[in-house]
Amino acid sequence: MSSRHLARSIALQSLYEWDFSGEKKDPKEVIEKNVEDAKDEIKDTEFIYSLVQGVISNIEELNKIISAAAPEWPLDKITTVDRNVLRIGLYELIYGNKEEVPPKVAINEAIELAKSFGGSSSGRFINGVLGTVYKEINEEVDLK
């Protein structure tokens with residue numbers, strides 16, 4: 001498993017725990033616990049912290065985007081895993097450094113997280129939502 005993929009997995013686990021607690025747990029403490037559990041496998045934790053903090057800092061906007069891109073799925077009806085995979089994927093797609101993580105890599109990584117941690121249809125669901133957002137972003141860029 002690549003270092004970045006492992007980092008995303010830990011970020012997902014941390015966001016899942018934070019979200020599942022009703023956003024009551026301290027995200028930094030959750031990350032520290034999860035990083036400690038994987039300390040032998042991961043060296044650079046900065047990426048994990050930046051993903052989790054980036055998602056949390058932009059959560060209202062990310063949730064609006066999810067709601068708009070998947071109107072038939074109210075946010076509270078999306079599984080906790082899928083909701084947080086979408087948040088990570090959208091964060092990287094919209095706010096991330098495109099040279100470090102190109103949009104298609106962000107989408108593919110989110111799909112892989114969904115396949116690993118979500119249900120049997122999670123990968124398709126994540127692909128559909130992120131694909132819709134990616135298409136809309138590119139259409140907006142083409143119109144300018």
Side-chain angles (χ1 to χ4, degrees), residues 1-138 140-141:
M1 181 181 302
S2 78
S3 180
R4 283 283 173 108
H5 185 74
L6 178 59
R8 286 182 184 92
S9 297
I10 294 169
L12 174 60
Q13 291 167 356
S14 300
L15 285 166
Y16 178 94
E17 187 173 338
W18 173 78
D19 190 6
F20 193 77
S21 76
E23 302 176 5
K24 292 180 177 134
K25 288 190 174 186
D26 178 0
K28 187 176 179 185
E29 289 177 15
V30 174
I31 296 167
E32 287 170 359
K33 178 185 68 72
N34 289 327
V35 166
E36 179 65 24
D37 291 343
K39 68 181 175 197
D40 295 334
E41 300 173 60
I42 192 145
K43 306 295 179 234
D44 180 19
T45 60
E46 184 180 325
F47 185 63
I48 299 166
Y49 282 95
S50 69
L51 273 179
V52 173
Q53 294 297 12
V55 166
I56 291 171
S57 296
N58 295 286
I59 200 153
E60 288 182 26
E61 184 64 27
L62 295 172
N63 287 345
K64 286 179 189 174
I65 294 167
I66 293 168
S67 296
E72 64 282 354
W73 286 95
L75 202 59
D76 63 341
K77 299 296 182 205
I78 299 172
T79 67
T80 307
V81 169
D82 290 354
R83 185 171 52 242
N84 285 292
V85 169
L86 284 170
R87 289 170 175 162
I88 290 170
L90 286 170
Y91 174 75
E92 288 197 280
L93 192 61
I94 296 168
Y95 302 105
N97 180 337
K98 308 296 186 275
E99 291 178 19
E100 249 182 64
V101 182
K104 290 186 179 182
V105 171
I107 293 170
N108 286 335
E109 282 291 325
I111 292 167
E112 290 305 313
L113 285 175
K115 287 179 180 178
S116 296
F117 295 98
S120 60
S121 61
S122 292
R124 289 188 304 276
F125 177 65
I126 300 300
N127 185 38
V129 174
L130 294 181
T132 297
V133 173
Y134 177 70
K135 182 179 173 187
E136 288 176 11
I137 290 169
N138 284 333
E140 287 175 16
V141 169

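For this chain, numbers begin at 1 and follow the sequence in order.
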Q: Working to the nearest 0.5 Å, report the span between CD1 of Ile137 and CG of Leu90.
A: 8.0 Å
(Q) How long is the straight-line distance from CG of Asn84 back to OH of Tyr16, given to the nearest 0.5 Å? (A) 9.0 Å
Q) Would the number of heavy atoms belonging to other residues, nucleotides or ligands and lying under 6.0 Å from CD of Glu23 be above 12? A) yes
Q: Measure the spacing between CZ of Phe20 and CD of Gln13 and express it to the nearest 0.5 Å.
A: 14.5 Å
Q) Once you round to the nearest 0.5 Å, how far does CD1 of Ile126 lie from CZ of Arg83? A) 11.0 Å
Q | Leu15 side chain reached by Asp19 side chain, heavy atoms, under 4.5 Å | A | no
Q: Check Asn127 against Ile107 and note the closest heavy-atom contact, atom names and distance.
A: OD1-CG2, 4.2 Å
Q. When rounded to the nearest 0.5 angstrom, what distance separates CG in Leu86 from CG in Leu113?
A. 11.0 Å
Q: Please examine the side chains of Thr45 and Tyr49, heavy atoms only from C-beta on, and report whether any two atoms are closer than 4.5 Å.
A: yes
Q. What closest approach, in Å, do Asp82 and Gly118 show between heavy atoms, and which atom pair accounts for it?
A. OD1-CA, 4.2 Å
Q.
Counting C-beta onward and ignoring hydrogens, is there a side-chain heavy-atom pair between Asn34 and Glu17 closer than 4.5 Å?
A. yes
Q) At what distance, to the nearest 0.5 angstrom, does CG of Leu62 lie from CD1 of Ile94? A) 6.0 Å
Q: For the pair Glu36 and Lys33, find out whether any cationic side-chain nitrogen is under 4.0 Å from an anionic carboxylate oxygen.
A: no
Q.
So does Gly54 get a backbone contact from the side chain of Ser57, meaning a donor-acceptor N/O pair under 3.5 Å?
A. no
Q | Contact summary for Ala114 and Ser122, nearest pair of heavy atoms | A | O-CB, 3.7 Å
Q) Taking all non-hydrogen atoms of both residues, which atom of Val52 and which atom of Ser14 are closest, and how far apart? A) CG2-CB, 4.2 Å
Q. If you count the non-hydrogen atoms of other residues, nucleotides and ligands that lie under 6.0 Å from OH in Tyr95, is the total more than 12?
A. yes
(Q) By the definition side-chain hydrogen bond (donor to acceptor under 3.5 Å, both in side chains), identify the one residue from Arg87, Arg8, Lys98 that meets it with Glu92. (A) Arg8
Q. So, Ser21 side chain and Trp18 main chain: donor-acceptor pair closer than 3.5 Å or not?
A. yes
**Q.** Heavy-atom side-chain proximity of Ile10 to Leu6 below 4.5 angstrom
**A.** yes
**Q.** Nearest atoms (heavy-atom pairs only) where Ala106 meets Leu93
**A.** CB-N, 4.3 Å
Q | Minimum heavy-atom distance Leu12-Phe117, with the two atoms named | A | CD2-CD1, 3.6 Å
Q.
One thing to verify: whether Arg4 and Glu100 come together as a salt bridge, which I'm taking to mean a side-chain N less than 4.0 angstrom from a carboxylate O.
A. yes
Q: Verify the neighbour count for atom CD of Glu72: are there more than 12 heavy atoms of other residues, nucleotides or ligands below 6.0 Å?
A: yes
**Q.** Check: Thr132 and Glu136 side chains under 4.5 Å, non-hydrogen atoms
**A.** yes
